[in-house]
Amino acid sequence: CSRWEEEKKEGGVKWMQLEHRGPYFVPLYEPLPEDVQFYYDGKPLKLSLATEEIATFYAKMLDHEYTTKEIFQNNFFHDWRKEMTSEEQEIIKDLDKCDFREIHKYFVDKNEARKALPKEEKQKLKEEADKIQEEYGYCILDGHREKIGNFKTEPPGLFRGRGEHPKMGMLKKRIMPEDVIINCSRDSKIPEPPEGHRWKEVRFDNTVTWLASWTENIQNTLKYIMLNPSSKLKGEKDWEKYELARRLKDVVHTIRAQYRKDWKSKVIKKRQRAVALYFIDKLALRAGNEKEEGETADTVGCCSLRVEHIQLHLQLDGQEHVVEFDFLGKDSIRYYNKVSVEKPVFKNLQLFMKNKDPTDDLFDQLTTSFLNKHLQHLMDGLTAKVFRTYNASITLQEQLKALTNPEDNVAGKLLSYNRANRAVAILCNHQRSIPKTFARSMQVLQEKIDAKKEQVEEAQEEVKKAEDEFKDTKDAKAEANVEKKKKLLKRLEEQLAKLNVQATDKEENKQIALGTSKLNYLDPRISVAWCKKFGIPIERIYNKTQREKFAWAIDMAGEDFEF
DNA sequence: TGACTCGACTCAGAAACCTCCCA
DNA sequence: GTGGGAGGTTTCTGAGTCGAGTC
């Protein structure tokens, strides 16, 4: 417990001591065997090492949808040609004439060979990986040994953006020690760069939490090596995030009253802010910063919504003032929703859309920084994203209260928990692609249910038969038989009910990802309290990793915790 | 002052990996 | 006993948010 109670540092200082080994560099490229060939225009062509390496990146992805996309192909070919020797550039002028299939097969086979390795060999590989983890995977921070999140540099490869990313297929370069900035404490054992190399820089900045960083060549942004969520540093931050969201609970009613008032403001900018805030609050939309056009996929959040992303319906499906949202959000995940809104919101939207093109900004006078400045003024530390955390957590708490039946068994209570979790995932629009195996496994489950139903029917008849026999004979043996058959029937019925629950759960979950909300939006103390209150073992809710991440909450929360 | 850029951090789903169960 | 497949877990790294600095 004391771990969470050490005093807080001042002035943006994050640590007093930080010692680590630096990043683990992924192995260098291993050339292809002589007999694995690249073909150009039907003829084998021996490539230079650098060209060959990049060719393998593409070859490995051959059966991925990415390689069928024109942008991906063009970006790849452009970047590949840049790395070729002039002789190669002279020959390789058309991607369509490049045949990577033999290289592709080589990697597929290699993968299978690795999977088929005897147990002892696999064990040996595992031990080697564990050794690397042991050596590079931990650091010392203020006297505690802490797990690092990502201690390996990212291997070179082809950039895979999400959605229609204009940079997909570009070459992501290999990270060398010369690219890496090390951050540690001055008096610690400074990590040694790999033999024959040096670091770009070693700095001693204890106002940041990262251990190492480098600049990535696709978007020219920084990448960091940071601590694992189980660390004290991250745990404390997480706790602060939820405490901030809890503070919103006290003022949210005032804020709601305020934005309702602002819907009628004479200043359009204020009205836009008030309508946007209504969406952020009611629909848990993200803030929506502007992004540089052509540099990333075309996605939006609340403030960056365009006219083309909403449709207004005075009447729809028996509801009034319906706004139909259809846009791509973070990670190009589609947000589609039809929402009945309050009349002034509807009227304002009509006004904001007047005389605009579909591609014009809906909130043309609004920026996230203007919105956040306003929020800061309403509550210390308040920003747009706090609403997501707040609404997610409060929804979980309310749903748990509404759905949990104390009479249920553990399985039934867990189903209620999942349903509450799911309500949040739907609110936050956390989606996943439907698992490839979904239809099949659903069918298997349905067959099981059908079989079980038959068994139940049979058992019912057996019971009846036994009862009839008892009526005739009135003997003790027949009576015992009735009891036996009834018991069997009951067991089968329970099994059937369980299968039905499973099927419902599965169906309702097929396109919903529960993990993101569980990990990032739901105050874990709500779940811990719920477990304690209903006698559910915490392991049924959180797996090992999650328990490590939420150690602070498991420590702190009692059964009467209220968000 | 405010638009723009940059740095540091959280949040995101896909894919790889692992485990356990059932035929 | 075993092999494979389903489902859970872990890893990976891209995509956001937001504050601060700059001009």
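Below, all heavy atoms of this structure are taken into account, side chains as well, without hydrogens, waters or symmetry copies. So that the names make sense, note that chain A is the first sequence line, chain B the second, and so on, each numbered from 1.
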Could you check which of [options] has an atom nearest any side-chain atom of [X]?
| X | options | value |
| --- | --- | --- |
| A/Arg114 | B/dC17, C/dT9, B/dA14 | B/dC17 |
| A/His430 | B/dA8, C/dG16, B/dA12 | B/dA12 |
| A/Lys14 | B/dC9, B/dG7, C/dA15 | B/dC9 |
| A/Ala287 | C/dT17, C/dA15, C/dT9 | C/dT17 |
| A/Trp210 | B/dA8, C/dT13, B/dC11 | B/dA8 |

Check the angle between the aromatic planes of [X] and [Y] and answer parallel, tilted or perpendicular using the 30° and 60° thresholds.
| X | Y | answer |
| --- | --- | --- |
| A/Phe151 | A/Tyr24 | perpendicular |
| A/His165 | A/Phe159 | perpendicular |
| A/Phe325 | A/Phe327 | perpendicular |

5'-most by nearest nucleotide on DNA chain B - A/Asn111 or A/Thr389: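 Closer to the 5' end of DNA chain B: A/Thr389.
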Please compare A/Thr367 and A/His64 by the position of their nearest nucleotide in DNA chain B and report the one closer to 5'. A/Thr367
side-chain N/O [X] vs [N] OP1/OP2, d < 4.0 Å:
| X | N | result |
| --- | --- | --- |
| A/Asn372 | C/dC18 | yes |
| A/Lys126 | B/dC17 | no |
| A/Lys291 | C/dG16 | yes |
| A/His165 | C/dG14 | no |
| A/Gln546 | C/dT10 | no |
| A/Asn543 | C/dT9 | yes |
| A/Lys385 | C/dG16 | no |
| A/Arg286 | B/dA12 | yes |
| A/Thr516 | B/dG13 | yes |
| A/Tyr521 | B/dA12 | yes |
| A/Asn289 | C/dT17 | yes |
| A/Arg162 | C/dT13 | no |

Distance in angstrom units between [X] [atom1] and [N] [atom2], rounded:
| X | N | atom1 | atom2 | answer |
| --- | --- | --- | --- | --- |
| A/Ile541 | C/dG8 | CD1 | C1' | 15 Å |
| A/Asn183 | B/dG7 | CG | P | 14 Å |
| A/Arg432 | C/dA6 | CZ | C1' | 12 Å |
| A/Lys223 | B/dC9 | NZ | C1' | 14 Å |
| A/Gln133 | C/dT10 | CD | P | 12 Å |
| A/Arg547 | C/dT9 | CZ | C1' | 12 Å |
| A/Asp364 | B/dA3 | CG | P | 13 Å |
| A/Asn150 | C/dG14 | CG | P | 12 Å |

Considering every strand and a 4.0 Å limit on heavy-atom distances, what is the contact class for [X]: base, sugar-phosphate, or nothing?
| X | result |
| --- | --- |
| A/Lys373 | nothing |
| A/Gln219 | sugar-phosphate |
| A/Ile333 | sugar-phosphate |
| A/Lys234 | sugar-phosphate |
| A/Lys544 | nothing |
| A/Ser369 | nothing |
| A/Pro155 | sugar-phosphate |
| A/Lys330 | base |
| A/Thr209 | sugar-phosphate |
| A/Gly515 | nothing |

Start with the C-alpha distance between A/Asn429 and A/Gln431, add both sets of side-chain angles, then the distance that settles side-chain hydrogen bond (donor to acceptor under 3.5 Å, both in side chains), and finish with yes or no. CA-CA 6 Å; A/Asn429 199 41; A/Gln431 295 190 32; 2.9 Å; yes
For A/Thr516, is there any backbone N or O sitting under 3.5 Å from a side-chain donor or acceptor partner on A/Asn520?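 Side chain of A/Asn520 to backbone of A/Thr516, a donor-acceptor pair under 3.5 Å: yes, one is there.
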Answer yes or no: side-chain N or O of A/Arg160 and base N or O of C/dG14 forming a donor-acceptor pair under 3.5 Å. no
Distance-only side-chain donor-acceptor flag, A/Asn289 / A/Thr368, under 3.5 Å: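 Short answer, yes.
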Residue closer to the 5' end of DNA chain C, A/Ala297 versus A/Gly381 (nearest nucleotide): A/Ala297
Given DNA chain C, 5'-ward residue of the pair A/Gly301 and A/Phe159, judged by closest heavy atom: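 The residue closer to the strand's 5' end, by nearest nucleotide, is A/Phe159.
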Pick out which of A/Glu216, A/Glu154, A/Glu53 makes a salt bridge (charged side-chain N to carboxylate O under 4.0 Å, His left out) with A/Arg174. A/Glu53
Apply salt bridge (charged side-chain N to carboxylate O under 4.0 Å, His left out) to residues A/Arg306 and A/Asp298 and explain how you reach the verdict. CA-CA 11 Å; A/Arg306 297 191 297 261; A/Asp298 178 21; 2.7 Å; yes
